[in-house]
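Everything below concerns the one structure shown next.
Remember, it's 1-based here, ligands and their atoms both numbered in the order they're listed.
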Amino acid sequence: MSTIVERFNKIKSNINASKPEKNVNIIAVSKTFPLNHIQPLIDYGHNHYGENKVQEAFNKWSDIKKENSKIKLHMIGKLQSNKAKSAVEVFDYIHSLDNQKLADVLAKSQNNLNKSLKYFIQVNIGNELQKSGIPVNELDAFYSYCTQEINLKILGLMVIPPNNSHTKKYFKSVNELNASLELDDLSMGMSADYMDAINYGATFIRVGSLIFGSRS
Ligand SMILES: *Cc1c(COP(=O)(O)O)cnc(C)c1O
């Protein structure tokens, strides 16, 4: 069995071998894992981690972030607006910006705390009823609102494609939407499909189980 650092480096070398046009950032998705399991990768010097629950992120990362300002935390899970204020305190990036009410609370909270987070707008590319994300036909208006009315720093789009065999098609569509908004970054790709995502221009991939092992 290989170690966490070896598995992480294997992903890095796979990425480098594909010679991506842009720099690809690996977000090591550490949700559900305790800090002692994650520590080898922190000690190795990796700085980007992903969590999907505000409280869990707080408990796990508050102290370590005070000691190490290089650590950047990414919120990748559904964010309720009543947790937005706490999210702004602990996270550096939010990948799940998906409605106006949430955007308003985030903008107000970061102004109050004198912070400026980086955001991805989550897109519901498959128009799935049960999935969060901005519908494609509302994306332009929502993007304008976030950037022009409330001054959120939007890096790009984020997608969790439908769970079927058409992942590449969805990656391609999101890449085109991202380009139409002239955005530089794109958050897509997980353990099973990160290489496909990179082929379609992902600059932030969110990889959990392939690094840390399966979650119970
Ligand atoms: C859990 C999660 C991941 C990581 O999934 P793996 O398959 O373990 O790599 C990526 N993105 C989101 C939004 C997640 O919730």
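Listed here is the closest heavy atom pair of A87 and V54: N-CG1, 3.9 Å. Here the shortest heavy-atom pairing between K72 and H74 reads O-CD2, 3.7 Å. Taking all atoms of both residues into account, the shortest heavy-atom contact from D185 to T203 is OD1-OG1, 2.6 Å.
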Measure and list all N/O to N/O distances between ligand 1 and the protein that fall under 3.5 angstrom.
| unit_1 | atom_1 | unit_2 | atom_2 | d |
| --- | --- | --- | --- | --- |
| ligand 1 | 8 (O) | S209 | N | 2.8 |
| ligand 1 | 8 (O) | S209 | OG | 3.0 |
| ligand 1 | 8 (O) | R215 | NH1 | 2.8 |
| ligand 1 | 8 (O) | R215 | NH2 | 3.0 |
| ligand 1 | 9 (O) | S191 | N | 3.0 |
| ligand 1 | 9 (O) | S191 | OG | 2.5 |
| ligand 1 | 9 (O) | G208 | N | 2.8 |
| ligand 1 | 11 (N) | R206 | NE | 2.9 |
| ligand 1 | 15 (O) | K31 | NZ | 2.7 |

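Residue-environment remark: NZ (K172) stays at or below the threshold of 12 foreign heavy atoms within 6.0 Å. The environment of CD in E182 is sparse: at most 12 heavy-atom neighbours from other residues, nucleotides or ligands sit within 6.0 Å.
Aromatic ring orientation, F204 versus H95: perpendicular (interplanar angle above 60°, classes split at 30° and 60°).
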